[in-house]
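Notes to accompany the following structure.
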Amino acid sequence: MIAHEFYPEITIMKIDEASIKEVDKWLQSDPGAFDWTYAYNYVKQIKGNSDLNVEENLKKSIKQTLRIDFYKDNLTDPVVLEQADCIVTGWLSEVICKDKNEYIKCFQKITKLLKPGGLLILMECLNGTFFDVGKEKYRIFKHDERFLRDNLANEGFKIVFCKVLDSKIVSPLTDYEQMIFVAAVKETS
């Protein structure tokens with residue numbers, strides 16, 4: 001249920017320096033870091049243990065924070081990583097990619113980091129075209145569940161869990177129609 005219970009060594013990868021700095025602030029317990037108390041309390045409630053020190057145990061499992069660059073063959077260059085047992089990616093490919101081909105290339109680069117038999121946990125917006133942050137408008141690669149399922153199958157993944165939730169948000173800040181949550185296993189050759 002909690003990542004560090006299954007994967008005792010965690011590498012966090014981000015696409016920009018600002019995100020890495022925010023993670024580092026949290027890892028160093030900086031008072032200005034984002035407060036994740038609500039999430040820890042939720043985990044404690046689910047696990048039925050109010051004394052569970054989720055945050056500190058998770059921090060101990062994080063071994064490194066790396067910047068990834070999709071313009072490079074090795075996303076974490078100059079660092080070379082061993083293939084992982086699990087990759088969790090959320091709201092990334094549809095945000096950084098302009099079209100179907102770019103999405104597929106990015107997906108291949110990410111999943112090349114996953115060992116055969118490894119688990120991919122994927123969270124994405126479906127059928128969206130934009131989101132706003134402050135005064136900036138960001139484009140989202142518009143795709144649907146069928147595209148995502150086909151891409152997973154074409155890249156050798158077997159879906160073991162899939163949940164699609166309709167958006168309940170009516171906002172001028174974004175227009176996505178659904179969220180998808182997928183767990184898929186990278187099949188062995």
Side-chain angles (χ1 to χ4, degrees), residues 1-7 10-16 18-20 22-23 26 34-47 54-55 58 68 70 75 84-111 113-114 118-187:
M1 178 176 291
I2 304 169
H4 67 273
E5 292 177 347
F6 298 96
Y7 305 104
I10 297 172
T11 296
I12 295 178
M13 298 185 291
K14 297 288 187 179
I15 61 172
D16 62 70
S19 297
I20 289 172
E22 189 60 37
V23 170
W26 170 75
F34 186 82
D35 183 3
W36 290 97
T37 303
Y38 74 94
Y40 306 128
N41 289 339
Y42 181 71
V43 170
K44 290 175 185 180
Q45 181 182 359
I46 289 172
K47 293 193 67 88
V54 176
E55 183 175 14
L58 178 58
I68 56 175
F70 282 94
L75 294 178
D85 295 312
C86 179
I87 292 177
V88 178
T89 178
W91 306 284
L92 177 64
S93 297
E94 76 273 28
V95 175
I96 64 170
C97 298
K98 292 180 270 199
D99 58 36
K100 175 183 171 180
N101 291 334
E102 205 171 272
Y103 179 98
I104 291 169
K105 286 179 187 173
C106 285
F107 184 85
Q108 290 169 337
K109 286 183 178 185
I110 292 167
T111 59
L113 297 172
L114 186 64
L119 181 65
L120 173 68
I121 299 172
L122 180 72
M123 298 156 280
E124 293 190 1
C125 296
L126 297 176
N127 297 312
T129 60
F130 76 94
F131 67 95
D132 290 349
V133 176
K135 294 180 181 181
E136 297 293 322
K137 182 172 278 209
Y138 298 91
R139 189 201 51 72
I140 301 173
F141 165 57
K142 186 174 183 176
H143 64 294
D144 59 15
E145 180 182 357
R146 179 80 270 143
F147 170 81
L148 187 59
R149 285 179 174 274
D150 288 347
N151 186 54
L152 285 162
N154 291 340
E155 297 301 327
F157 284 85
K158 180 181 180 203
I159 296 173
V160 294
F161 173 84
C162 181
K163 179 82 172 178
V164 178
L165 301 174
D166 291 333
S167 173
K168 297 189 181 343
I169 298 172
V170 179
S171 170
L173 301 177
T174 188
D175 68 346
Y176 72 90
E177 294 174 9
Q178 299 172 308
M179 297 292 303
I180 189 165
F181 303 89
V182 176
V185 175
K186 186 175 186 179
E187 296 183 327

Query raised in the report: In Å, rounded to the nearest 0.5 Å, how long is the span from CD1 of Ile180 to CG of Leu126?
Result: 5.0 Å

Report task. List the atom of Glu94, the atom of Cys125, and the distance in Å for their closest heavy-atom pair. Result -> OE2-N, 3.0 Å

Query raised in the report: So, Asp175 side chain and Thr129 main chain: donor-acceptor pair closer than 3.5 Å or not?
Result: yes

Query raised in the report: Leu113: what forms a side chain to side chain contact (heavy atoms under 4.5 Å, CB included) with it, not counting sequence neighbours?
Result: Met13, Leu75, Ile87

Query raised in the report: How many angstroms lie between atom CD of Glu124 and atom CD1 of Ile140, to the nearest 0.5 angstrom?
Result: 10.5 Å

Query - Exceeds 12 heavy-atom contacts within 6.0 angstrom, atom NZ of Lys14 - result: no

**Report entry** Heavy-atom check, side chain of Glu55 versus side chain of Trp36, under 4.5 Å
**Finding:** no

Requested in this report: List for me each residue that meets ring pair (Phe, Tyr, Trp, His ring centres under 6.0 Å) alongside Phe161, sequence neighbours excluded, and say none if there are none.
Outcome: none

Query raised in the report: Mind checking whether Phe157 and Glu187 have side chains closer than 4.5 Å, heavy atoms only?
Result: no

Query raised in the report: Are side-chain heavy atoms of Val160 and Val182 found at a separation under 4.5 Å?
Result: no

Query raised in the report: Taking the side chain as C-beta and beyond, is there a heavy-atom pair between Leu92 and Ile110 under 4.5 Å?
Result: yes

Query - Those residues that, when tested against Tyr138, pass ring pair (Phe, Tyr, Trp, His ring centres under 6.0 Å) (two or more places apart) - result: Phe131

Query raised in the report: What distance do Leu152 atom CG and Phe107 atom CZ have between them, rounded to the nearest 0.5 Å?
Result: 4.5 Å

Report task. Could you tell me the separation between the CG atom of Asp99 and the NZ atom of Lys142, rounded to the nearest 0.5 Å? Result -> 15.5 Å

Query raised in the report: Are any side-chain N or O atoms of Lys186 and backbone N or O atoms of Leu114, one a donor and one an acceptor, separated by less than 3.5 Å?
Result: yes

**Report entry** Straight-line distance of Asp166 CG to Gln178 CD, nearest 0.5 Å
**Finding:** 5.0 Å

Query - Heavy-atom pair with the smallest gap, counting every atom of Ser167 and Ile169 - result: OG-N, 3.1 Å

Query - Residue pairs passing the side chain to side chain donor-acceptor pair (under 3.5 Å) test where at least one lies in residues 145-154, sequence neighbours excluded - result: Glu145-Arg149, Arg146-Asp150

Query - Minimum heavy-atom distance Ala3-Ile10, with the two atoms named - result: CB-CD1, 4.2 Å

Query raised in the report: With side chains defined as the heavy atoms from C-beta onward, is the minimum distance between Thr89 and Leu120 less than 4.5 Å?
Result: yes

Query raised in the report: Can you tell me how far the OG atom of Ser93 sits from the NZ atom of Lys105, to the nearest 0.5 Å?
Result: 14.0 Å

Query raised in the report: Hey, what's the ring geometry for His143 with Phe141, parallel, tilted or perpendicular (30° and 60° as the breaks)?
Result: parallel

Query raised in the report: Should we say atom CZ of Phe181 is surrounded by more than 12 heavy atoms from elsewhere, each under 6.0 Å from it?
Result: yes

Requested in this report: For residues Phe130 and Tyr176, establish whether the separation of their ring centroids is below 6.0 Å.
Outcome: no

**Report entry** Heavy-atom side-chain contact between Tyr7 and Val88 under 4.5 Å
**Finding:** no

**Report entry** Non-hydrogen side-chain atoms of Tyr103 and Ile96 separated by less than 4.5 Å
**Finding:** no

Query raised in the report: Quick one: salt bridge (charged side-chain N to carboxylate O under 4.0 Å, His left out) partners of Lys98, sequence neighbours excluded?
Result: Glu102

Report summary line: Those residues at least two apart in sequence (or on a different chain) that pass side chain to side chain contact (heavy atoms under 4.5 Å, CB included) with Glu22 are Lys25, Ala33, Phe34

